[in-house]
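Accompanying notes for the structure given below.
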Amino acid sequence: MARPTPLSGFPEWLPDGRVVEQHVLEALRRTFELHGFAGIETRAVEPLDQLLRKGETSKEVYVLRRLQAEEGEDASEKQLGLHFDLTVPFARYVLENAGRLAFPFKRYQIQKVWRGERPQEGRFREFVQADIDVVGAGELPYHYEVELPLVMAEALGSLRAIGVPEVRILVNNRKVAEGFYRGLGLDDVEGVLRQVDKLDKIGPDAVAELLVAEQGATPEQAKACLELAAISGTDASVVEQVRALAASYDAVTDLLETGLGELRALVEAAARRAPGVVVADLKIARGLDYYTGSVYETVLVGHEQLGSICSGGRYDTLASDGKNTYPGVGLSIGVSRLVSRLLSAGLVTATRGVPTAVLVAVTDEETREASDAVAAALRARGVPADVAPTAAKFGKQIKYADRRGIPFVWFPGEQDQVKDIRSGDQVDADATTWEPPAADLWPRVVPAGE
RNA sequence: GUGGCUAUAGCUCAGUCGGUAGAGCGCCUGGUUGUGGUCCAGGAGGUCGCCGGUUCAAGCCCGGUUAGCCACCCCA
């Protein structure tokens with residue numbers, strides 16, 4: 001078979017990259033569980049009509065079909081698509097299991113998702129998301145909108161030790177934006193948000209033009225939108241700035257006041273519990289139209305161009321079965337986006353790509369069993385050990401270990417010896433008692449350069 | 001979905017005016033008694049993405065196609 005070419009947008013890591021990814025996944029899972037989130041996994045597919053409820057995303061959904069599907073089979077059976085996020089499957093799961101779940105229900109979910117996008121750096125067609133959501137039955141207290149981003153701050157903060165840069169969680173509140181725009185007399189809130197969202201890419205002048213041309217705003221309304229978008233800060237003073245701005249345009253509404261109250265609570269709590277991490281930023285819009293309260297977007301400091309690595313928000317109707325509605329709030333980390341940057345920018349590295357801590361050399365094939373016995377004795381005590389593939393010259397066997405990052409080579413004999421191939425130190429050793437230093441026992445993930 | 005760029009050794013790339021293919025790194029072997037990395041010597045490895053056209057002659061020019069990268073869109 002000819003050598004296959006890589007498929008763009010379907011990332012695969014080499015073993016040492018996988019070590020990094022798994023460390024990240026483990027760290028996230030641990031933080032989520034420390035905060036009481038229960039883990040679930042949902043199937044990879046959902047009925048197509050469920051997936052399409054979000055509207056615009058339809059083009060991105062991969063549909064599933066049997067290769068030999070009969071003509072007309074698709075019509076009689078329910079069409080299936082691969083899920084493109086974890087929120088839609090979760091909503092379906094909540095409805096399906098509502099009678100067996102206890103609300104408010106806190107869950108985390110770490111799975112692959114698929115999107116038919118044009119790939120780019122940090123943008124994939126198959127990638128891993130790590131979601132946390134809290135969903136209530138009928139109602140959901142506001143304080144969860146404060147707590148969830150702080151859980152994510154803690155989860156991402158736990159990765160600082162391996163070299164992950166600082167994060168900044170930018171927050172806004174849909175009620176603030178909507179209340180402000182409506183107060184100005186702009187009723188196409190979605191449209192305005194979409195234009196304002198381009199601020200970082202095309203600049204304020206171009207956004208102002210778009211607001212006038214596309215949204216039918218007056219130049220003064222456009223100016224007000226830009227002034228709102230320019231407000232940001234880490235304390236409650238942003239609330240006063242917004243209120244003053246709205247007053248100056250006579251655009252104060254009840255909705256705006258409600259949103260400002262919520263934003264203030266979030267910023268104040270965050271300032272106490274995770275100082276400097278959460279920043280109120282009134283230009284954060286989020287394209288998704290189902291958010292109804294707080295919205296969140298997270299950037300890696302120094303890697304802002306990568307885009308958001310963790311986003312989410314509050315939605316009043318995560319799910320609804322007609323009789324009951326289930327409001328929720330959640331965030332999702334783009335694990336693949338994060339890990340791909342950690343690896344490509346050389347921020348984080350694994351000490352080795354194989355688990356093996358000790359390579360047991362083979363003197364000759366007649367005594368391979370003795371080498372196997374050494375490896376077995378090491379493994380029995382929890383030391384990952386491998387046996388050399390051939391009884392090649394010891395130089396080659398050492399090289400075999402070196403190329404894989406295996407730190408120790410064991411030489412069986414009258415008196416067994418073990419060599420630390422980094423230092424060259426070689427000492428007598430006994431397979432029933434010898435242990436490598438704790439730091440060498442398993443591969444570790446460390447900041448690059450250490 | 002729209003637009004731009006690219007495609008040569010395992011990797012990163014060079015290849016002039018169109019004249020049958022190069023470097024560095026990596027890999028293999030050797031430098032005597034079974035201990036790697038440095039150094040030295042030697043070696044293997046290419047359908048120049050694919051299909052067609054122009055030409056005496058194409059890696060190079062032209063058309064198509066596929067794939068990759070980047071930007072837009074959107075988003076993790």
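Naming convention: chains lettered A, B, ... in sequence-line order (proteins, then strands); numbering from 1 in each chain.
Residues Thr42(A) and Gln109(A) have side chains that bring a donor and an acceptor to within less than 3.5 angstrom of each other. Remark: the Asn172(A) side chain and the Tyr291(A) side chain contain no N/O donor-acceptor pair separated by less than 3.5 Å.
Spacing between atom CD of Gln111(A) and atom P of A76(B) amounts to 16 Å, rounded to whole angstrom units. If you take CD of Glu304(A) and P of A76(B), they are 18 Å apart, rounded to a whole angstrom. If you measure from atom CZ of Arg115(A) to atom P of C74(B), you get 14 Å, rounded to the nearest angstrom. Across the protein-nucleic acid pair, Phe124(A) atom CZ and C75(B) atom P stand 18 Å apart, rounded to whole Å. Rounding to whole angstrom units, CG of residue Leu210(A) and P of C72(B) are separated by 14 Å. A straight line from CG of Leu7(A) to C1' of U66(B) spans 12 Å, rounded to a whole angstrom. One interatomic measurement links the two molecules: NZ of Lys419(A) to P of G36(B), which rounds to 8 Å at whole-angstrom precision. The distance from atom CZ of Phe127(A) to atom P of A76(B) is 7 Å, rounded to the nearest whole Å.
Nucleotides C25(B) and U33(B) have their P atoms positioned 27 Å apart, rounded to a whole Å. Straight-line distance between the C1' atoms of G46(B) and U20(B): roughly 13 Å, to the nearest whole Å. One C1' atom belongs to G26(B), the other to C72(B), and the distance between them is 39 Å to the nearest Å. Using atom P as the reference point in both A9(B) and U47(B), the two lie 9 Å apart (nearest Å). Distance check on atom C1': G68(B) versus A21(B) gives 24 Å, rounded to whole Å. Comparing the P positions of C13(B) and C28(B) gives an interatomic distance of 24 Å, to the nearest angstrom. Comparing the C1' positions of G49(B) and A7(B) gives a spacing of 6 Å, expressed to the nearest Å. Here, A58(B) and C69(B) have their P atoms 32 Å apart, quoted to the whole Å.
Of the possible polar contacts, one joining the Arg160(A) side chain to the Val164(A) backbone as a donor-acceptor pair under 3.5 Å is found. Remark: side-chain polar atoms of Arg18(A) are not paired, donor with acceptor, to backbone N or O of Trp13(A) under 3.5 angstrom. Of the possible donor and acceptor atoms, none in the side chain of Arg341(A) sits under 3.5 Å from a partner among the backbone N and O of Glu121(A).
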Would Glu154(A) and Arg273(A) count as a side chain to side chain contact (heavy atoms under 4.5 Å, CB included) here? Give the steps.
CA-CA 10 Å; Glu154(A) 190 175 317; Arg273(A) 291 167 59 177; over 6 Å; no
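Residues Ser332(A) and Pro119(A) both approach RNA chain B. Their nearest nucleotides, taken by heavy-atom distance, put Pro119(A) toward the 5′ side. Positionally, the nearest nucleotide of RNA chain B for Phe394(A) lies more toward the 5' end than for the other of Phe394(A) and Val335(A).
The side chain of Arg118(A) lies closest to C72(B), out of C72(B), A76(B), U35(B). The nucleotide whose nearest atom lies closest to any side-chain atom of Gln120(A) is, among C72(B), G31(B), U35(B), C72(B). Here G36(B) is the nucleotide among A76(B), U35(B), G36(B) with the atom lying nearest to any side-chain atom of Ile421(A). Nearest nucleotide to the Phe411(A) side chain, out of A71(B), U35(B), G31(B): U35(B). Looking at the side chain of Gln426(A), the nearest of the listed nucleotides A76(B), G31(B), U35(B) is U35(B).
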Based on Watson-Crick and G-U pairs with both distances under 3.5 Å, what dot-bracket line describes RNA chain B 5' to 3', crossing pairs as [ ] and inter-strand pairs as |?
(((((((..((((.....[..)))).(((((.......))))).....(((((..]....))))))))))))....
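Residue contacts for Arg341(A): at a heavy-atom cut-off of 4.0 Å it reaches no nucleic acid atom on any strand shown. Nucleic acid contact class of Gly395(A) (heavy atoms, under 4.0 Å, all strands): sugar-phosphate only. Glu117(A) comes within contact range of at least one nucleobase, with a heavy-atom separation under 4.0 Å.
Here Glu33(A) pairs with Arg29(A), Tyr108(A) under the side-chain hydrogen bond (donor to acceptor under 3.5 Å, both in side chains) rule; sequence neighbours left out.
Residues from residues 396-410 of chain A lying near RNA chain B, meaning a heavy-atom separation below 4.0 Å, are Lys396(A), Gln397(A), Ile398(A), Lys399(A), Asp402(A), Arg403(A) in numerical order.
Phosphate contact (OP1/OP2 of C69(B), side-chain N/O of Ser8(A), threshold under 4.0 Å): present.
Counting non-hydrogen atoms of neighbouring residues, nucleotides and ligands closer than 6.0 angstrom, the CD atom of Glu365(A) exceeds 12 such neighbours. More than 12 heavy atoms of other residues, nucleotides or ligands sit less than 6.0 Å from atom CD of Gln415(A). Atom CZ of Arg403(A) has 12 or fewer heavy atoms from other residues, nucleotides or ligands within 6.0 Å.
Contact between Leu140(A) and Pro104(A) at its shortest, heavy atoms only, is CD1-CB, 4.2 Å.
Judged by the 6.0 Å distance and 45° axis criteria, Arg314(A) is not positioned over the aromatic ring of Tyr290(A).
For a distance-only test at 3.5 Å, the side chain of Glu297(A) fails to qualify as a donor-acceptor partner of the base of A76(B).
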